[in-house]
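Notes follow once the structure below has been shown.
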Amino acid sequence: MYNKLVDNWDQLLEDLKYEYDITEISFKTWIKPLKVLSVSDDTVTLVFDNEIKNNAGINSDNSMAISYVNKKYYTFIKTFIDEFLNKELDLKIVSKNNIDSDPFSDTNTVLPDGKDMELKSRIEKSNLSDKFTFESFVVGANNNIAQSASLAVAESLGTYNPLFIYGGVGLGKTHLLQSIGIFVLENNPDAKVLYTSSEPFTNEVIDIIRRNKQEDFISFRKKYRTVDLLLIDDIQFLAGKDRTQEEIFNIINELYMNQKQIVITSDKKPKDIDGIMERLINRFEQGLTVDIQNPDYETRMAILQEKVKNEKKINPKLQIDKEVLDYIANNFSSNVRELDGAFTRVTSYSKITRSPITLDFTIDTLSELVSPGYKKKITPNDIIDIVADHFQIKKTDICSERKNKAYSFPRQICMYLCREYTDENLITIAKALNKANHATVSYGYEVIAKKIKEDPEVKNVIDILNKKIDPN
Ligand code: ADP
Ligand code: MG
């Protein structure tokens, strides 16, 4: 029976996937890692091996995944095996860590086809971006527990409630959070999903208090309390904002009572965030807390290889040697956003200058970022980067003549922050922002300084940007 099962195993799993309509990513995460370990007279034992190893070469802890597979897929798998072998057998699923056998092979992810219009509009209404999906998230030892907890929640809302994901800047928290939302929208046509982060949420609360109209309160509460899945990003920015925390607490409570799913991200674990009220922390701790660590070398290489693959779709002639990827992976080790940024810088400089991507070219292109002391001193350019990222606009729009408020406000904020954070004079700041007249900078500074005093929403934006520029 063992041979029969092993020989047909891959096909059997494919059939199972088809029969139960399991999505590609769920299949890859939960089912594909299952291999046949042994078959005795009364028991089939499968081993869960996702091949993810940590720095010490030890397989990462799969206990959460195994317990989830047991809960969600056990009956499907057992039925399938019993039918195939025509015999009722016990089924056991064990962890790779408990046994000593050779690794098995893995498969590639298949990206889903283009999304239809209706889904697109639901994604937009939910404040999500389909750029962030489970398919484009590279899983490694640093994030696999967070990834599988996220996928478990996306597949079966309420599995862990709330799910709390924490980790440093640029490690993929927003990516995972958004992936959960996209997955739920894709697979549940009726699900109501809402993504928000601390800043717009706080501004909404400030605005409603200012307007002080009963109907506004009602529609605000309705908006957040009638969803099936609420995704709240960067909760750490709510520190010290008691009124907003109060609202979040009430919303979370009500959703929780109604068994609606809540997922939260933060840069620290609940207990370690200062300035968050105790009962909110208790709520967070009621569910499952998972972390994302810095990516290890293998994960960094896998992320870069994924980027090469994507870049090749646009530019099939792209040639990048392993030593180049190696150099990038070794020099950008603590933050996926910076790793991405370094890669993009190399490929775009190579396009602009029409130079082949050699190791020398790469070292040269990245020298400014790699050199010691980098980042210790904040430059106007760093500030423009952070502000552009924060407002989700292009740097070139900030540094343009465009008068539209969507650009002029972030531009003035840059002027303010450059004066606050850098030692540069007005002329240098004006130059960085592509302004001929440095008086524009001092004017912009004054405008924002005044608004901070008068407008709590502007103060909130500046508070958050201060933390983004200097997280400590
Ligand atoms: P955070 O919210 O933790 O600060 P993000 O989710 O914004 O970080 O991630 C920063 C960037 O790095 C994003 O472009 C994201 O897509 C990318 N990224 C992070 N982790 C991964 C990963 N494991 N695989 C692929 N891309 C990743
Ligand atoms: Mg984020």
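In this chain, numbering begins with 1 at the start of the sequence shown. We count ligands from 1, going down the list as the structure has it; atoms in each ligand are counted the same way.
Here side-chain hydrogen bond (donor to acceptor under 3.5 Å, both in side chains) pairs that include residues 154-175, with residues two or more places apart or in two chains, are Ser26-Glu155, Trp30-Glu155, Tyr68-Glu155, Tyr68-Ser156, Lys72-Ser156, Tyr73-Glu155, Ser136-His175, Asn161-Gln261, Thr174-Asp233. Each side-chain hydrogen bond (donor to acceptor under 3.5 Å, both in side chains) pair with one or both residues in residues 284-293, not counting sequence neighbours, appears once here: Arg283-Gln286, Asp291-Gln293.
With a 4.0 Å heavy-atom cut-off, ligand 1 is reached by the side chain of Asn143 but not by its N, CA, C or O. Contact annotation: for Val139 versus ligand 1, there are no heavy atoms closer than 4.0 Å. At a heavy-atom distance under 4.0 Å, no atom of Pro295 approaches ligand 1.
Taking only nitrogen or oxygen atoms, main chain and side chain alike, Val169 does not reach within less than 3.5 Å of ligand 1. At least one N or O atom of Gly172, backbone or side chain, sits closer than 3.5 Å to an N or O atom of ligand 1. Remark: ligand 1 and Ile303 share no N or O pair separated by less than 3.5 Å (distance only, no angle test).
For the Mg ion (ligand 2), the set of protein N/O/S atoms nearer than 2.8 Å consists of Thr174 OG1, ordered by chain and number.
When the heavy atoms of Asp389, Ile165, Val336 are ranked by distance to atom 12 (O) of ligand 1, first place goes to Val336.
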Per-pair distances, 0.1 Å, donor-acceptor, side chain in residues 267-282, under 3.5 Å, sequence neighbours excluded:
from, atom 1, to, atom 2, distance (Å)
Arg279, NH2, Glu246, OE1, 3.2
Arg279, NH2, Glu246, OE2, 3.2

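The shortest separation from a heavy atom of Gly168 to ligand 1 is under 4.0 Å, placing the residue in contact. Using a 4.0 Å heavy-atom cutoff, Gly167 is absent from the residues neighbouring ligand 1.
Between Phe164 and Phe284, the ring-plane angle classifies as tilted under the 30° and 60° cut-offs.
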Stepwise side-chain hydrogen bond (donor to acceptor under 3.5 Å, both in side chains) check, Asn466 with Tyr421:
CA-CA 9 Å; Asn466 281 336; Tyr421 278 97; 2.9 Å; yes
Run the side-chain contact (heavy atoms from CB on, under 4.5 Å) test on Asn330 and Tyr297 for me, step by step, so that the C-alpha distance in whole Å, both residues' side-chain angles and the decisive distance to 0.1 Å come before the verdict.
CA-CA 7 Å; Asn330 280 324; Tyr297 173 79; 3.7 Å; yes
